[in-house]
Structure formats: structure tokens, C-alpha cells
Engineer: 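Pasting a structure below so you can have a look.
Every heavy atom of this structure was used, including side-chain atoms; hydrogens, water molecules and symmetry mates were not. In what follows, chains carry the letters A, B, and so on, assigned in the order in which the sequence lines appear, proteins first and then strands, with residues in each chain numbered from 1.
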There are 2 protein chains.
Amino acid sequence: MGRSATTLTDVARAAGVSLSTASLAFSGAGPISSATREKVLAAAAELGYHGPDPVAASLRRGRSGVIGVVMGSAVRRSFRDPVSIQFLDGIVTTLATQGYGTLMLPASGSDEAPGSLLTHGAMDAAVLMAGAVTSTRTIEALRARGLPTVQIGGTGRQGASVRARDKEGMQMLGEHLRERGHTRVAVATLPWQSGAQPGPVDAGTTRRPAAPITARRLDGLRAAGVEPVAIWQCASLVEEGIAAGRALLASRPTALVGFSDLIAAGLLIAAREAGLRVPEDVAVAGFDGIDLPWLGEDTLTTLVQPIADMGRHAAEAALTLAAGGTAKSLSVDVELRVGTTT
Amino acid sequence: MGRSATTLTDVARAAGVSLSTASLAFSGAGPISSATREKVLAAAAELGYHGPDPVAASLRRGRSGVIGVVMGSAVRRSFRDPVSIQFLDGIVTTLATQGYGTLMLPASGSDEAPGSLLTHGAMDAAVLMAGAVTSTRTIEALRARGLPTVQIGGTGRQGASVRARDKEGMQMLGEHLRERGHTRVAVATLPWQSGAQPGPVDAGTTRRPAAPITARRLDGLRAAGVEPVAIWQCASLVEEGIAAGRALLASRPTALVGFSDLIAAGLLIAAREAGLRVPEDVAVAGFDGIDLPWLGEDTLTTLVQPIADMGRHAAEAALTLAAGGTAKSLSVDVELRVGTTT
DNA sequence: CCTGAGGCTCGAATCGATTCGCCGACGGCG
DNA sequence: CGCCGTCGGCGAATCGATTCGAGCCTCAGG
């Protein structure tokens with residue numbers, strides 16, 4: 001700490017009180033006369049002392065006042081994904097109002113040793129962002145330290161989790177598309193397993209994705225009786241959505257579904273590029289419900305997740321766990337928002 | 001900390017060595033035979049001890065291993081701005097490789113009391129993101145604690161800073177536009193002062209913006225002999241860029257300049273919306289050099305800042321300051337990237 | 001005037017680890 | 001054969017605060 005060398009002991013001496021009394025004057029806990037408090041605060045101001053050292057307080061209290069957030073495997077990618085960002089936003093904001101700090105932890109790559117921060121960072125609990133869940137070693141490293149964790153978008157099998165009912169949502173979308181008469185539906189999914197490269201997926205070979213989010217969303221579509229005529233897996237990036245769109249259009253679909261709004265935006269761009277009218281020639285739908293002000297006239301049909309709320313819930317769960325309580329897993333509803341693209 | 005109750009003392013006892021020796025076995029500093037180290041590590045594994053408590057270590061060492069990052073006044077806005085995000089990315093990544101953690105600190109609103117995290121968070125130094133600079137109270141709160149700070153995009157007058165040579169960049173752009181024969185240039189600037197509402201600016205009334213970034217960029221344009229025919233100030237959001245574009249087109253400009261790429265994207269959308277051809281009817285240019293994959297065929301003419309690099313530099317400066325060194329302010333060059341929009 | 005009850009303040013233990021100086025033992029060299 | 005240099009391990013002080021039980025002082029009631 002670059003703080004001044006003045007300690008609470010100095011302040012106490014200057015104020016003519018004991019160390020314990022000085023501590024009380026700052027923490028406010030315990031009985032203390034306002035006269036004494038004033039005296040201590042005055043002495044503190046005099047000496048340029050600006051409050052107790054957080055590290056020392058943490059040590060004594062046994063709590064650090066910090067919650068770790070493990071980003072997806074690729075930090076850069078997480079930062080480019082508006083969904084992750086909004087989660088983060090919800091988390092940081094919620095924690096801040098509770099006086100808790102948010103420590104960003106880049107997850108280690110797939111199989112590397114967990115970053116030293118995971119093992120050496122001071123925190124009371126950790127939130128694992130969607131992308132980070134795949135890295136089992138990360139979870140293990142945290143668990144080994146005895147840190148409680150909350151997963152976003154996880155299965156909830158390993159401790160608390162917060163997730164959307166994506167299966168039910170996708171089912172609603174599937175039904176919506178069927179009502180509109182779409183039978184040839186091509187989908188651009190999220191990766192089927194961690195580290196997967198963008199490209200076509202033969203649904204015959206691997207029927208169910210290993211990645212839980214991808215699996216649940218695909219299950220939802222199928223539950224609505226929609227069996228994709230073509231599948232392309234890709235990361236949640238507009239660029240990859242465009243590439244996916246170009247490839248998927250070869251199957252002459254009447255509807256394109258992206259497993260994220262960014263992907264869907266890419267699909268939309270690819271469709272326009274191919275000279276197709278949306279939604280007359282081909283319908284497009286996404287998932288997430290993020291703002292895409294640059295889509296122009298169109299508003300994307302999508303499944304809206306209450307992203308910031310989920311972040312907030314995750315943060316609250318983490319706080320509960322940090323305080324020694326137990327948090328149960330939570331699923332939130334998604335809502336079908338019909339735009340102009342279906 | 002939710003860690004197991006086992007302490008280094010327990011491990012030392014179990015291994016039959018002294019506490020100090022056990023510490024050495026983990027830290028690796030100081031002379032210790034590998035036989036002893038093995039013995040200690042074995043005992044630790046046996047007891048389920050996973051390394052020294054970070055908080056206790058921080059207290060003793062006097063360094064917390066954490067650098068704070070103060071976000072712009074509106075956390076939500078910062079998270080929506082790709083530029084902030086990329087700064088953050090550069091910072092987090094750089095710090096992580098050095099074994100340092102990044103603590104996110106939402107800046108207090110304009111005049112509120114500084115958030116308790118600013119005063120109670122454990123950190124060795126702080127980085128102030130561009131938007132946070134305006135809040136003097138924030139800086140004061142940190143300074144009062146004796147924390148060294150690095151500003152991104154600041155004036156460099158208050159301690160170390162990292163910024164782009166935006167004036168020189170804008171001057172290049174101004175010259176580029178003049179070479180292309182543009183004389184009627186309308187600009188959508190960033191806010192002229194903190195907390196400003198979007199809307200027109202009468203350059204006659206207030207000739208120079210209070211916000212340093214806005215001022216420097218405008219100075220650059222003027223240095224190239226470009227005096228805007230109309231000015232609109234707005235936040236770095238596509239929506240506000242669109243609104244700005246609609247308003248600015250009334251002045252029949254031959255070129256539109258946005259002070260950020262998001263704004264410029266909005267200007268571009270507004271121009272297309274008005275049925276104008278770009279760049280034939282109106283040219284559009286931005287500032288930042290971020291990826292905008294959704295712009296379609298067009299690539300924006302813009303001034304590319306090495307954003308992630310700037311984040312990296314800021315992080316390195318913060319580390320230097322945290323280690324007790326001195327960091328000098330740094331200015332990096334921006335590069336004019338001519339796209340298809342001018 | 002004496003006693004009981006509060007309300008403040010104080011001492012001291014404690015959180016868990018780092019680190020510096022010191023000491024014992026062992027090996028090499030004169 | 002003895003002395004000195006070195007390597008490895010140990011004790012103890014220390015980082016800066018929190019917190020609990022004990023003690024004192026004062027005020028009120030009998």
C-alpha cells in the first residue's frame with residue numbers, strides 16, 4: 001500500500017486514547033461517546049490519516065470485501081461480447097452498492113495451470129462467467145481454496161448457479177417460427193464444446209452438444225419440433241455470424257436462427273448481402289435481447305434475457321455465500337420479443 | 001476468506017519444521033534444501049493447505065497485488081463503450097501477466113461522496129479511465145489515501161497519464177478532408193463538459209470545450225484550417241450519433257466528423273437514412289479505430305488509436321508507481337486510416 | 001451516604017504470514 | 001588437526017487493525 005506511514009496507533013496516541021478506542025471511532029461499532037469520536041477524528045485529520053488500512057482490517061475480519069469474477073477463457077473475447085459485459089456491469093454495480101469490490105480474474109487457457117491470481121488473489125467468493133465454466137481446472141482451483149462459487153449459465157450441478165431458461169425460450173421461438181410456416185430452419189449455434197473452431201456441424205454424428213448452453217438452446221428448438229436443416233457453430237461475434245450466414249444460406253433455409261444476437265446480426269447482414277429480403281425471403285432470429293442500434297430499420301426478433309438482473313442475482317448469491325450462507329440456484333425466464341425480422 | 005482453517009503454522013508443525021521454514025518452502029525466497037521443501041509441501045497436501053493466505057501476505061509485504069481501475073462516471077456507459085472496454089482489456093491482461101489483480105471501482109457520480117470502495121478498497125495504485133477524470137473528488141479521494149494514480153486520456157497535469165496525440169491526429173484528418181475539397185464540415189463532438197446533455201453547440205458562445213479530450217480534438221481540426229459549420233455534442237453511442245447526424249445534415253455539410261467511431265457510425269447511418277451516398281454526397285470520418293464489422297461494405301475513415309497498447313502502458317505505469325518508482329506521462333501517435341467513407 | 005446499574009474506555013489476544021539476524025553443523029583448506 | 005566460510009533452519013519481531021471481556025466512573029435510587 002502506498003498509503004501514508006501513519007497508523008491507527010499514531011492517531012490513538014495523538015488523541016490521547018487507546019488503540020481500541022480509536023478503532024471504535026472509525027468503525028462505529030460498539031459504544032463510544034461522540035466527544036471521544038470527534039477527538040479521534042480530529043487527531044486523524046491532523047495527522048493526515050484517512051481511515052484504517054483495508055488489508056489489515058481484512059486480515060483481522062477474515063473477509064476481504066472482494067468478490068472475484070472469472071472471465072471467459074479468452075479475456076479479449078469476453079470483453080467484446082456485450083452479454084458478458086452486461087453481466088459484468090450488473091455484478092460490479094450490485095457489489096459496489098454493498099461496499100464490495102470486484103476483482104477481475106482472467107481464466108487460464110483450456111489446460112494451462114490456473115493463473116496465479118486464482119490461487120493468490122484475495123477474495124471471499126467467485127463468480128464464474130458463462131465462458132469460464134468449461135474450464136474445470138479453474139473451478140477446481142477455486143474449490144481447492146475453499147472459495148464458494150456462483151456460475152452464470154452453468155448447469156448448477158457444481159454449486160450455485162444463475163441461468164436463463166433458454167430451453168423454454170428457444171422452444172417459444174421454435175413455435176413462433178412454425179406458426180409462421182417455417183420448416184427449413186438453419187441455425188448458427190454457439191460452440192459445441194470448448195475450444196471448437198467455427199464450422200459446420202453434422203447433427204447426425206454428434207447429436208447433443210457438450211457445452212450446456214448450446215445443448216439447452218438446441219434442445220428447445222427441437223422440443224418445438226424444429227429440426228435444423230443445417231448447423232454451423234461459431235463464437236458470438238458478428239464476423240463469425242456473417243460467415244455462418246453465408247454458409248447456411250446454401251441450404252436454402254426459410255429461417256435463420258442465431259444462438260446469440262451478435263451471430264443473428266451477422267446472419268442478417270449475410271442475408272442482405274445475398275440480396276434476400278428479410279423477413280419475406282428469409283426470417284432471422286437471435287438470442288439475448290441486446291441493443292443493436294446499428295441494425296437500421298430492423299429490430300431483431302430475439303429472446304430477451306434479463307442480463308443485468310442475472311448479473312445482479314449472481315452477485316447477490318456470491319455475497320450470501322461469502323457471508324457463510326447458502327445460495328440456491330436460480331433460473332430466470334426469457335421473453336420472446338418479436339421484431340421485424342420474422 | 002472462506003479458505004480452510006489450516007494455516008501455515010499447522011503445516012509447519014505437521015512437517016516438523018519451523019514456521020519460517022515452511023514459509024520459505026512456499027515463497028521460494030531464501031535458502032532451503034529441496035528435501036525440506038518436499039517435506040513441507042507433502043505435509044501441506046496432506047492437510048489440504050493450498051498456499052499462504054493472500055491477505056496476510058499482503059499485510060506483511062505492504063503490497064496488496066491489486067491495481068484499482070476507476071470506471072467512468074456512468075458504469076453502464078463505460079461498459080457499453082468499446083474503447084473503454086479495450087482499455088480495460090489491455091489493463092487486465094497486462095496486470096494479470098504480472099500477477100496483479102484488477103479491482104473495478106465504479107466512480108462516484110459527479111458530486112456525490114466518493115464511493116466507499118475508493119477509500120476502503122485494498123490496492124497499490126489506481127488507473128483512472130478517461131471518463132472518470134472529470135470527477136475531481138475521485139482523484140482527491142485517492143490522492144488523500146496516498147495512492148499513486150495514472151490517468152488515461154487526461155491532461156497529465158495531475159500525475160502520470162497516458163494519452164493519444166489526438167490533436168495531431170485530428171489535424172491530419174482535417175488536412176485529409178481539405179485535400180478532398182471539403183469546406184463545409186459538420187462535427188459531432190464528445191461532450192464539452194462533464195454531464196452535458198446531447199445537443200447543438202454554438203461555437204461562438206463557448207469556443208473551447210472544458211473537457212480536455214473534446215478540446216484537443218477540436219483544436220486539431222481547427223489547426224488544419226477546418227472550422228465546423230455546425231457542432232453537436234453527444235455521448236459515444238451509436239444512437240446519439242444517429243441523432244446528431246440527423247441534426248447536422250440540416251447544415252448541408254459535405255463532410256461529417258464524429259469524435260468517436262460509434263458516433264461516426266451513427267452519422268453514417270443517418271446519412272444513408274437521408275438517402276445520401278457516402279462518400280459521394282457526404283464524407284464521414286471517426287476517431288478510435290475500433291472494429292465495426294456490422295457497417296457492411298464500408299470501412300470507416302478514422303484515426304486509429306492503439307487502444308490496447310495504451311491500456312498496457314497505463315497498467316505498466318501503475319505497476320511502476322506501485323513499486324515506488326516514478327512514471328512519466330506518455331503520448332502515443334494515432335494513425336489516419338482512410339476507408340471508403342471519405 | 002451507600003449501593004447497583006449502565007455506559008465508556010482500555011488491555012491484550014489474535015488474524016496468518018514474511019523476513020532478518022543468528023546459530024549450529026559440515027566441509028575444505030592450511 | 002583445527003579454523004573459517006557457508007548453507008540451511010530457527011526465533012522472534014512485525015505488518016495494522018478488530019474485538020471481547022474486564023474495569024472504572026458516574027448517575028440515580030433507596
Engineer: Going by heavy atoms closer than 4.0 Å, what residues in residues 32-43 of chain B are next to DNA chain D?
Structural biologist: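 Per residue number, the list reads I32(B), S33(B), T36(B).
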
Engineer: Checking side-chain polar atoms at under 3.5 Å, does S18(A) have a donor or acceptor matched by the opposite partner on T21(A)?
Structural biologist: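 Yes, side-chain donor-acceptor contact under 3.5 Å.
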
Engineer: What is the distance, rounded to the nearest whole Å, between atom CZ of R60(B) and atom C1' of dT18(C)?
Structural biologist: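 Whole-Å distance recorded here is 5 Å.
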
Engineer: What distance do S58(A) atom OG and M123(A) atom CE have between them, rounded to the nearest 0.5 Å?
Structural biologist: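 The OG atom of S58(A) sits 13.5 Å away from the CE atom of M123(A).
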
Engineer: If I take atom CG in residue L8(A) and atom P in nucleotide dC15(D), what distance separates them, rounded to the nearest angstrom?
Structural biologist: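 Taking atom P of dC15(D) as the reference, CG of L8(A) is at 14 Å.
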
Engineer: Below 4.0 angstrom, which residues in residues 14-24 of chain B have at least one non-hydrogen atom near DNA chain D?
Structural biologist: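 When residues 14-24 of chain B is checked for heavy atoms under 4.0 Å from DNA chain D, the hits, listed by number, are V17(B), S18(B), S20(B), T21(B).
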
Engineer: Which nucleotide, dA17(C), dG8(D), dA17(D), lies nearest any side-chain atom of P31(B)?
Structural biologist: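 Ranking dA17(C), dG8(D), dA17(D) by closest atom to the P31(B) side chain puts dG8(D) first.
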
Engineer: Can you check the D53(A) CG to dG16(D) P distance for me, whole Å?
Structural biologist: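 Rounding to the nearest Å, CG of D53(A) and P of dG16(D) are 7 Å apart.
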
Engineer: Whether Y49(B) contacts dA17(C) is assessed here as follows: a side-chain N or O lying under 4.0 Å from the phosphate OP1 or OP2. Is that the case?
Structural biologist: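 True: Y49(B) side-chain N/O within range (under 4.0 Å) of dA17(C) OP1/OP2.
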
Engineer: Measuring from atom CG of L59(A) to atom CZ of R61(A), what distance do you get when rounded to the nearest 0.5 angstrom?
Structural biologist: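 That separation rounds to 11.5 Å.
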
Engineer: Roughly how many Å is it from CZ in R13(A) to C1' in dC10(C), rounded to a whole number?
Structural biologist: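 Between C1' of dC10(C) and CZ of R13(A): 16 Å.
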
Engineer: Return yes if a side-chain donor-acceptor contact under 3.5 Å exists between S33(B) and T36(B), otherwise no.
Structural biologist: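 The answer is yes; a qualifying pair exists.
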
Engineer: Would you kindly check whether a donor in the side chain of R61(A) faces an acceptor in the base of dT18(D), or vice versa, at under 3.5 angstrom?
Structural biologist: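 It does not, because no donor-acceptor pair links the side chain of R61(A) to the base of dT18(D) below 3.5 Å.
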
Engineer: Is there side-chain contact between R63(A) and Y100(A), with heavy atoms separated by less than 4.5 Å?
Structural biologist: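 Yes, at least one pair of side-chain atoms sits under 4.5 Å.
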
Engineer: Give the dot-bracket string for DNA chain C, reading 5' to 3', where a pair is Watson-Crick or G-U wobble with both distances under 3.5 Å, ( ) marks pairs inside the strand, [ ] marks pairs crossing earlier ones, | marks a partner on another strand, and . marks unpaired.
Structural biologist: ||||||||||||||||||||||||||||||

